[in-house]
Amino acid sequence: MADLKNFAEQLVNLTVKEVNELAQILKEEYGIEPAAAAVAVAAGPVAGGAEAAAEKTEFDVILKSAGANKLAVVKLVKDLTGLGLKEAKEVVDGAPSKVKEGVSKEEAEGLKKSLEEAGAEVELK
């Protein structure tokens with residue numbers, strides 16, 4: 001029981017960035033997409049006070065172009081959005097287009113980094 005209490009305490013004390021990383025690990029390594037992580041990430045900036053309130057909290061991830069490695073970008077868009085292959089290809093072919101809307105800053109930056117690593121040109125709005 002004490003181990004579970006320590007584990008729960010560690011979870012409660014995670015930063016927003018750490019919660020996002022944990023969500024990515026659960027999704028990529030175990031195929032679990034934790035809905036609670038999105039709530040925790042969204043609630044994070046509220047605790048920051050007035051400075052966080054002035055900050056933009058929701059971002060749109062815009063694919064400006066697929067770049068040279070279009071196939072890798074289509075596969076990544078499919079994985080990141082949960083769309084089918086045809087729909088993901090339509091998003092990439094229709095660039096500039098929104099990949100995801102209304103996501104947290106951390107998630108938007110993570111998506112941008114992943115897409116840029118695949119060769120895409122991405123913008124956050």
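We're numbering straight along the sequence, starting at 1.
Note that the NZ atom of Lys112 and the CD atom of Glu107 stand 15.0 Å from one another [nearest 0.5 Å]. To the nearest 0.5 Å, atom CD of residue Glu106 and atom CD of residue Glu18 are 12.0 Å apart. Separating the CD atom in Glu116 from the CD atom in Glu109 is a distance of 10.5 Å, to the nearest 0.5 Å. Once rounded to the nearest 0.5 Å, the distance linking CG of Leu22 with OG1 of Thr15 reads 10.5 Å. Rounded to the nearest 0.5 Å, atoms CD (Glu123) and CG (Leu63) are 10.5 Å apart.
Scored by the salt bridge (charged side-chain N to carboxylate O under 4.0 Å, His left out) test, Asp60 finds Lys98 as partners (sequence neighbours excluded). Scanning for salt bridge (charged side-chain N to carboxylate O under 4.0 Å, His left out) contacts around Lys125 gives an empty result, with sequence neighbours left out.
Leu71 and Leu80 end up in different hydrophobic clusters when Ile, Leu, Val, Met, Phe, Trp and Tyr side chains are linked at under 4.5 Å. Ile25 is not connected to Leu76 by any chain of hydrophobic side-chain contacts under 4.5 Å among Ile, Leu, Val, Met, Phe, Trp and Tyr, and they are in different clusters.
When all heavy atoms are compared, the tightest approach of Phe59 to Ser104 is CD1-C, 4.1 Å. Between Gly119 and Val73, the closest heavy-atom pair is C-CG2, 4.5 Å.
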Dump the intermediate steps for side chain to side chain contact (heavy atoms under 4.5 Å, CB included) on Val61 and Val103, then the final yes or no.
-> CA-CA 8 Å; Val61 180; Val103 296; 4.1 Å; yes

Go through the steps to decide whether Leu85 and Lys89 satisfy the test side chain to side chain contact (heavy atoms under 4.5 Å, CB included), and finish with yes or no.
-> CA-CA 6 Å; Leu85 187 58; Lys89 184 179 181 303; 5.7 Å; no

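None of Ile62, Val77, Val91 except one satisfies the side chain to side chain contact (heavy atoms under 4.5 Å, CB included) rule with Ser97; the exception is Val91.
Screening residues 68-86 for side-chain hydrogen bond (donor to acceptor under 3.5 Å, both in side chains) gives Lys70-Asp93 as the qualifying pairs, with residues at least two apart or on separate chains.
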